[in-house]
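Contents: one structure, followed by commentary.
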Number of protein chains: 2
Amino acid sequence: MLIGELAEAVGLPSQTIRFYERKGLMPAPARGGNGYRSYDDSAVTCVKFIRTAQAAGLTLVQIRSIVDLRDQGARPCTHVTELIEGKLVEVRRRMGELAALEKELEQLRERSQRLDPADCTDTDICHILAARNYKRRTPTNGRMPAPRTTQATDKHPGGPEDD
Amino acid sequence: MLIGELAEAVGLPSQTIRFYERKGLMPAPARGGNGYRSYDDSAVTCVKFIRTAQAAGLTLVQIRSIVDLRDQGARPCTHVTELIEGKLVEVRRRMGELAALEKELEQLRERSQRLDPADCTDTDICHILAARNYKRRTPTNGRMPAPRTTQATDKHPGGPEDD
DNA sequence: CTAAACCCTGATCCGCGCTACAAGGTCAAG
DNA sequence: CTTGACCTTGTAGCGCGGATCAGGGTTTAG
């Protein structure tokens, strides 16, 4: 089976198969006399495994950790279960963040209906989003300001932020 | 007001201010005789606006579209409202995706409790994630893979490009 | 013989929002 | 004068999952 045939069998571009191979997600396949990759049926299973794991929200690095365990002869079940549970926690956290953002957007939408565009001054840029109650908060991105050697920034004017 | 003072006033690193300027989010400030940036109070408002808009989930490109309208002398209210409503739709869509992923993860977790690790064969990589009901679907990543219905060809016969 | 459709490797690019580094100029304190 | 904190510019890197290109080789059909 050539790479294009495998690609067609799983519905992905050939280059993605090569990409997975480079990333260590797929074993290096046999090669024909012309240097072409030659796959057997297990390659289809392998790609499908990768896509299923991706559909479960796992990153390629995490998926690689699974296949690496397999390659070492271990049964990755315990590790997979941990990954799944961790992902579940992550998904729920994100849903919470998005729910909060949804509320804020609903308030902004309501506010935009309440406010008169004629009152929107240049100094505000736009009064719908005007920063009257400015809170320094990450936009659902979960990003730390990072400990800097130069202190320059360690005063925040808003409230105390707790993530 | 020097850039470090502005940075401290809004609780961001100076570099971020310069970054916003490069991205066209902030107007180029006046310069002192030594070439130092010199800000007035409106710069504080401007940065706070940016952060508020970010907190509403807007991207920097979208925020720039707002300030560009302002620079052209227009009132961006209508555009802002559209952005907010679009973001609301997006957030809800993502929440739906995450809810579906949550269900799937719960099923996988349950399945992992049901299955005996001893049955996990090499051919499956791991039977918890074994791709029996393989569906080609984006891993709820919020990333649209571009409507490529072309299957698996390396070269694809140039489609219509926009942008 | 030529063109098209495959295949190969390696490198570079994308969006996102910064962050960090390099290599210098400026300014106030000691 | 020296030190150190500030300022300037430009450039490169991060993580993610590929996409795209450059520059070739191989195979098949006409």
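Below, chain A is the first sequence line, B the second, and so on; all start at residue 1. All values below were derived from every heavy atom in this structure, side-chain atoms included, with hydrogens, water molecules and symmetry-related copies excluded.
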Spacing between B:Glu21 atom CD and D:dG10 atom C1', to the nearest angstrom: 14 Å
Under-4.0 Å side-chain N/O to phosphate OP1/OP2 contact, A:Arg51 with D:dG18: yes
Worked check of salt bridge (Lys or Arg N to Asp or Glu O under 4.0 Å) between A:Lys87 and A:Glu82: CA-CA 8 Å; A:Lys87 199 55 67 173; A:Glu82 283 169 10; over 6 Å; no
Length of the CZ-P vector between B:Arg18 and C:dC21, whole Å: 15 Å
Nucleotide nearest B:Val61 when distance is taken to its side chain, options D:dG25, C:dC16, D:dT9: C:dC16
A:Asn34 side-chain N/O to D:dT27 phosphate OP1/OP2 under 4.0 Å: yes
Nearest listed nucleotide, side chain of A:Ser14, among D:dT9, C:dC7, C:dT26: C:dC7
Gap between atoms CG and C1', on B:Leu60 and C:dG15 respectively (whole Å): 11 Å
Rounded distance in Å - NZ (A:Lys23) to P (D:dA19): 13 Å
Minimum-distance nucleotide (side-chain atoms of A:Thr16 versus D:dA19, C:dC18, D:dC7): D:dA19
A:Arg94/A:Glu90 ion pair, N-O < 4.0 Å: no
Length of the line joining A:Ile17:CD1 and D:dG17:P, which is rounded to integer Å: 16 Å
Nucleotide nearest A:Tyr36 (side chain, heavy atoms from C-beta), chosen from C:dC6, D:dC7, C:dG17: C:dC6
Donor + acceptor pair across side chains of B:Arg51, B:Gln54 (<3.5 Å): yes
Short side-chain N/O contact to C:dT9 OP1/OP2 from A:Arg31, under 4.0 Å: yes
Contact summary for B:Leu25 and B:Leu60, nearest pair of heavy atoms: CD2-O, 3.5 Å
Between D:dG17 (P) and A:Phe19 (CZ): distance, integer Å: 8 Å
N or O in side chain of B:Gln15 less than 4.0 angstrom from C:dT19 OP1/OP2: no
Length of the line joining B:Ile63:CD1 and C:dG15:C1', which is rounded to integer Å: 15 Å
Step-by-step side-chain contact (heavy atoms from CB on, under 4.5 Å) determination, A:Met26 to A:Tyr39: CA-CA 11 Å; A:Met26 309 257 310; A:Tyr39 294 96; 4.2 Å; yes
Salt-bridge criterion met for A:Arg109 and B:Glu85 (N-O under 4.0 Å): no
C:dG15 OP1/OP2 closer than 4.0 Å to side-chain N/O of B:Thr59: no
Side-chain N or O of B:Tyr20 closer than 4.0 Å to phosphate OP1/OP2 of C:dC18: yes
For atom CD1 of B:Ile50 and atom C1' of C:dG17, their distance in whole Å: 12 Å
C:dT26 phosphate, OP1 or OP2, under 4.0 Å from B:Arg37 side-chain N/O: no
Side chains of B:His79 and B:Ser65, donor plus acceptor under 3.5 Å: yes
Any N/O pairs under 3.5 Å between the protein and nucleotides 11-13 of chain D? List them or say none.
none

Cationic N near anionic O, under 4.0 Å, B:Arg111 to B:Glu104: no
Below 4.0 Å: OP1/OP2 of C:dC18 and any side-chain N or O of B:Gln54: yes
